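Taking it in order: structure first as structure tokens, then the write-up.
Order of the sequence lines fixes the chain letters, A, B, ..., with proteins taken first and strands second; residue numbering starts at 1 for each chain. Since the structure is predicted, the reported quantities are computational estimates derived from the model, not experimental observations.
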Amino acid sequence: MRAESRSGLLLSAPYTAFLLLFALFPIGFSVVLVLLKWDLVTPPSFAGLDNLQHLVADARFWQAIVNTFVFLAIHLPLQVIVALALAWSLNRPLLLRSFWRAAFFLPVVISGAAVTILWSALYATDVGLINGVLARLDLGPVPWLTDPAIAMPAIAVMATWKNVGFYVVIYLAGLQNVPQSCHEAIELEGATGWQSFRHVTLPLLKPQTLLVVTLSTINGFQLFIEPYVLTGGGPLRRTLSVVLYMYRNAFSYQKMGYAATLGLALALVIAVVLVLQRRVIGSAEES
Amino acid sequence: MRRAVFYVVLGLAAVAFLYPFLWMAATTFKSPAEVGGLSLIPDQPTLENYRLMWARAPFGRALINSLFVATTITVSVLVFGSAAAYALARLRFPGRGILNTVTVAVLLVPAQLTLIPTYTLIVELGWIDSYAALIAPYVFNAMAILILRQFFLQVPRSLMDSARLDGMGELRILFTVFWPLAKAPLATVGILTFMGAWNEVLWPLLVVRDEQLMTLPQLLTVFSLGGGAGPRQLAPKLAAAMVLVVPVVAAYTFLQRYFIESMASTGIKG
């Protein structure tokens, strides 16, 4: 028994050290940083509640939160609808079934940095692929990334394209658990295909929908490389994301205390939004 | 008839996902005059864009950096991670309960919360501009440990007992008895870890400023932010993106089933 204890401690010791250094210490220190003013060059000084007061009054932070909600308002419904439609199309005997699935999944495995560069070329006003296609249809060039009203929706569409294949696979797994007999029973009652989808399939897919919404929301709050590369947060700060603002506070402005405060605030916002979503999707079943 | 329409619609959807990649590949071989055209076949194919991006930034070095960092992290997560998972699953030792609880709790903490404190830690350790900064915070992964632990719990007790009777030590039991049985979860963890490390960009942007130490996604980002967005700059940027995309697409083509299943089974994206 003593030998087992010893090997257990020995084998888990590196992991324990890792958790202390890179998980528990950062979590604890994030709260300490909120109370500090620190540029990493001169020693940190105690700042009391300055960072929190600044946060509450900081127009850029609130703009970034609003931007994220604009993003989510487009991204979430689009993600769910496109993923459901594609999964539903694939959930039948098909020629080249694994080819279709692999095609939709391809952008998921590509680095976000590469996808963002690719989309900067697709969205380019003069030489972009999308405006090139529009020109063929005699439609004028759209300033996708330079119009304040269009830039964030454009990023939301891009993020949907990047991630939807992942959610297709999740919905496909869910669809395969819907028994065929359920559809047959309701169709015997005279229900149309749509009614059967709406009243049988959709409610049964609720766990998957909750997962899709939760993961997409977390992704939305992590938006960074897309605005960083495509717009730099502009035009008129309409694509500034919280993580991009946090990165700038840490890296460009050397404000560690405030950057950590932004991180803590973001974590709280994510927690609240996820709880609310769970409530809303949970109660949609009862009605 | 309905079936034909269905395939046409599905085909159009697939085009929306594949055509941009093909167009990107084609554009990298086009001359500035042709960039922006919809055609997939350049009139006068040129390697000029590749020559330009290769000359302007150390992409070869970045490729090596990325391979080194992602491989080291993956090996560490598999070897040291399974040692920890094995201990947590099969050995009784003081503190095991706490360690299991903390492993689950850590997964609930958003990465944004720990990003800045971890960054200040790296600065204080003097690790800015070092491989250590890129690797150390990723050498273990709580999700990987949970996946492996879950699997190790299912290995029959009798296998362990007979291995012990043969006088095997714990490490030998782990690597000669458990590992051969755990190929599927090890592959899942390996793919997810490698992809995550290969694609990571925010962390390198924080801790590395020296071009010679940059990873591919980072150098690509830095490279694409310099210069304008005209046709002359666009094609070299896309050529640089190809360095990042081509190895992944090649691996994906052969292993797509594993990629898709490992990501879907755990609910994590790379």
Side-chain angles (χ1 to χ4, degrees), chain A residues 4-5 7-9 11-12 14-16 18-19 22-23 25-27 29-30 33 40 86 89 100-114 117-118 121-122 124 126-127 129 132-133 163 166 169-170 173 211 224-225 229 243 246-247 250-251 256 259-260 263-264 266-267 270, chain B residues 10 13-14 17-18 20 23-24 35-36 38 80 83-84 86-88 91-94 96 99 102 106 109-110 112-121 123 137 139-140 170 195 199 201-202 206 217 220-221 224-225 229 231 234 237-238 241 244-245 248 252 256 259-260 263-264 267 269-270:
Chain A
E4 186 177 322
S5 279
S7 4
L9 285 171
L11 291 185
S12 62
Y15 178 53
T16 309
F18 173 86
L19 281 179
F22 289 111
F25 169 75
I27 292 170
F29 195 51
S30 71
L33 272 171
L40 288 174
L86 291 177
S89 315
W100 304 112
R101 189 178 70 154
F104 302 145
F105 201 83
L106 179 61
V108 178
V109 299
I110 305 289
S111 152
I117 308 280
L118 169 59
L122 302 187
D126 302 323
V127 290
L129 177 64
V133 173
N163 294 326
F166 179 74
V169 176
I170 289 181
L211 186 64
F224 166 72
I225 193 70
V229 169
V243 176
M246 184 165 85
Y247 171 77
F251 192 83
M256 296 308 135
L264 195 64
L266 183 56
I270 294 176
Chain B
L10 202 58
F17 286 89
L18 296 178
W23 179 81
M24 167 165 94
V35 169
L38 303 186
F80 298 109
Y86 175 82
L88 288 172
L91 301 175
R92 264 166 298 170
F93 61 94
R96 183 174 79 161
L99 216 48
V102 171
V106 160
V109 177
Q112 297 90 336
L113 182 73
T114 51
L115 181 71
I116 302 301
T118 311
Y119 169 58
T120 61
L121 175 67
V123 173
V139 290
F140 283 96
E170 303 299 346
M195 292 299 297
N199 291 339
V201 64
L202 174 55
L206 268 174
L220 176 62
T221 303
S224 75
L225 284 174
L234 192 66
K237 282 180 196 173
L238 291 176
L244 188 57
V245 169
V248 175
Y252 179 65
Q256 43 130 321
F259 271 82
I260 296 175
M263 289 187 175
K269 293 200 281 80

Subject >> Which atom of B:Ile116 lies closest to which atom of A:Ala250, heavy atoms considered >> reply: CD1-CB, 3.6 Å
**OP:** Report yes if the side chains of B:Tyr252 and A:Ile110 come closer than 4.5 Å at any heavy-atom pair, otherwise no.
**Re:** no
Subject >> Residue part contacting chain A, namely of B:Pro117, when any heavy atom lies under 4.5 Å >> reply: both
Original post:
Non-hydrogen atoms of chain B under 4.5 Å away: do they reach the side chain of A:Val109, the backbone, both or neither?
Top reply: both
Subject >> Pairs of heavy atoms under 4.5 Å with chain B: top-ranked of A:Ser12, A:Gly263, A:Pro107, A:Gly8 >> reply: A:Gly8
Subject >> For A:Ala102 against B:Ile260, the heavy-atom pair lying closest together >> reply: CA-CD1, 4.2 Å
**OP:** Kindly indicate whether the side chain of B:Pro94, heavy atoms from C-beta on, has any atom under 4.5 Å from the side chain of A:Leu9.
**Re:** yes
Original post:
Nearest heavy-atom pair of B:Thr221 and A:Ala113: which atoms, and what distance?
Top reply: OG1-CB, 3.8 Å
Subject >> Which atoms of B:Leu115 approach chain A - backbone, side chain, both or neither, heavy atom under 4.5 Å >> reply: side chain
Original post:
What part of A:Ile27 lies closer than 4.5 angstrom to a heavy atom of chain B: side chain, backbone, both or neither?
Top reply: both
Original post:
In terms of heavy-atom proximity below 4.5 Å to chain B, should A:Leu264 be classed as side chain, backbone, both, or neither?
Top reply: both
Original post:
Of the backbone (N, CA, C, O) and the side chain (C-beta and beyond), which part of A:Tyr15 lies under 4.5 Å from a heavy atom of chain B, both, or neither?
Top reply: both
Original post:
Does the side-chain contact (heavy atoms from CB on, under 4.5 Å) test come out yes or no for A:Ile225 and B:Leu202, once each step is laid out?
Top reply: CA-CA 7 Å; A:Ile225 193 70; B:Leu202 174 55; over 6 Å; no
**OP:** For the pair A:Phe18 and B:Phe140, name the ring-plane relationship: parallel under 30°, tilted 30 to 60°, perpendicular over 60°.
**Re:** tilted
